[in-house]
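Heads up: the structure comes next, in structure tokens.
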2 protein chains.
Amino acid sequence: MTNNDRLTEEKIFDAATEVFEEKGLAGARMQNIADRAGINKALLHYYYRTKDHLFEAVFTALAKKIFSRFTPIFDKDMSLEDKIRFFFREHISFLQRNPRLPGFILNEVNHNPERINKLLSQIDFKDLWQTILEQHKDELKNYNVNEENLPQLITSIISLSVFPFAARGIFETVLGKMGHDFDQYIEERKDFASEFVIRSIRKEH
Amino acid sequence: MTNNDRLTEEKIFDAATEVFEEKGLAGARMQNIADRAGINKALLHYYYRTKDHLFEAVFTALAKKIFSRFTPIFDKDMSLEDKIRFFFREHISFLQRNPRLPGFILNEVNHNPERINKLLSQIDFKDLWQTILEQHKDELKNYNVNEENLPQLITSIISLSVFPFAARGIFETVLGKMGHDFDQYIEERKDFASEFVIRSIRKEH
DNA sequence: GTCTATAGAAGGATAGAC
DNA sequence: GTCTATCCTTCTATAGAC
């Protein structure tokens, strides 16, 4: 593979990423991708054979990108509260740099639920969740966190972090009408969400 | 308009709703809609002229449906805590009956952000939010709720309620691997989310 | 109001020259 | 490896009979 090959293939991949994120699989046009990559349609097929192949490549890469952001948290040597703060700060910062990612993944999964299964099956969630319970075993007596409610808690944390980006189009408008700026709202969210969750799981004593 | 007219138009609208919710605007096929309505393609155009007209009708109706569910809460004569419990119970129950609604709206708004603006401009959010602060003025000294953090709080409540449905394809798989059932998870969420939020906003004393 | 048949446009994919 | 030209399928939309 020559240097030029890699450059072209990369240009195509980047252009395809943009177009698929904006329009989705069904709404994307090969012509549009070619234009944005500064090449012609035929070359797309030379490198990726079909639209579906190209989409598959983009989707897999982006899905890995977003899911790989969830897992490293679990290994960190921190208190439970610091881990929550760390997660929101890191994860929301990641989404600030990739604001269209959540909507793209959710949309394509809704339209084709099987697509994500192969990727999800490579992650051992059971092990991940047990790790949390083990790591913070001693702390947990001070918190409303147990094996029973862990699914509700974790999905709540994800919701608080991801949803504003998935619903960005609506949030931006509504916040705007209240005199708030979406970007600043997101910036403030890093701290707000952390403290929101922590206050909720702390046991009063 | 004869009775038959209305029946056919309604059949088309219902079929279109299903197909658009499943595939989105770009992925939907007029043939598919006609088949599901038990009629032929030409009749679709007789009633709705173009695909875009038909989509517009469906989208507007569904968007109104989901947004009209947010507002009535504010007028209820209840304590702040009861209002939060009432919201999660009612809203999640509504989404249980319309599980594809959130994903559909979010997706189409992402692909065409202007589409929702006309609808949102009909709602006076400023008035709504002021109403909350007014109604619970006396209570608020006991809660971490003020004009400053109201946007963060309200968007958090929406996130906790809506996101599991928007991300259903992923949640269903992940929860399944942990031995949990999505439907039961949602049922439990009504109470969990309420108490999660209430614990978080209560001032310790 | 509903159907069959078909026009006409758009978009994915390929052939073949360079 | 990259381009132009074109094929061919798919899909929206309409014409016209009943």
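Quick note on labels: first sequence line is chain A, next is B, and so on, each numbered from 1.
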Exercise. Around atom CG of Asp127(B), are there more than 12 heavy atoms of other residues, nucleotides or ligands at under 6.0 Å?
Worked result: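 Yes, the 6.0 Å shell around CG holds more than 12 heavy atoms from other groups.
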
Starting at atom [atom1] of [X], determine the distance to atom [atom2] of [N], rounded to an integer number of angstrom.
X: Tyr47(B); N: dA13(D); atom1: OH; atom2: P; result: 18 Å
X: Tyr46(B); N: dA5(C); atom1: OH; atom2: C1'; result: 20 Å
X: Lys23(B); N: dT10(D); atom1: NZ; atom2: P; result: 15 Å
X: Lys11(B); N: dG1(C); atom1: NZ; atom2: P; result: 13 Å
X: Met30(A); N: dG11(C); atom1: CE; atom2: C1'; result: 10 Å
X: Lys41(A); N: dG12(C); atom1: NZ; atom2: C1'; result: 6 Å
X: Lys51(B); N: dA10(C); atom1: NZ; atom2: P; result: 14 Å
X: Asp35(A); N: dC3(D); atom1: CG; atom2: C1'; result: 14 Å

Exercise. How about Tyr48(A) and Glu56(A): does a side-chain donor come under 3.5 Å of a side-chain acceptor?
Worked result: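 Note: Tyr48(A) and Glu56(A) side chains miss the donor-acceptor criterion.
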
Exercise. Looking only at side chains, do Glu172(B) and Tyr185(B) share a donor and an acceptor under 3.5 Å apart?
Worked result: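 Tyr185(B) and Glu172(B) do not have a side-chain donor-acceptor pair below 3.5 Å.
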
Any [X] side-chain nitrogen or oxygen under 4.0 Å from OP1 or OP2 of [N]:
X: Asn40(B); N: dT2(C); answer: no
X: Arg29(A); N: dA10(C); answer: no
X: His45(A); N: dA13(C); answer: yes
X: Thr50(B); N: dT12(D); answer: no
X: Thr8(B); N: dT2(C); answer: yes

Exercise. Using the benzene-type ring in the case of Trp, are the ring centres of Phe163(A) and Phe171(A) under 6.0 Å apart?
Worked result: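 Aromatic pair counts; centres sit under 6.0 Å.
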
Exercise. Looking for any heavy atom pair under 4.0 Å, which part of the strands does Ala28(B) touch: base, sugar-phosphate only, or nothing?
Worked result: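 Sugar-phosphate only.
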
Problem set entry | Pair Glu18(A) + Arg100(A): basic N to acidic O under 4.0 Å |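 Arg100(A) and Glu18(A): not salt-bridged.
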
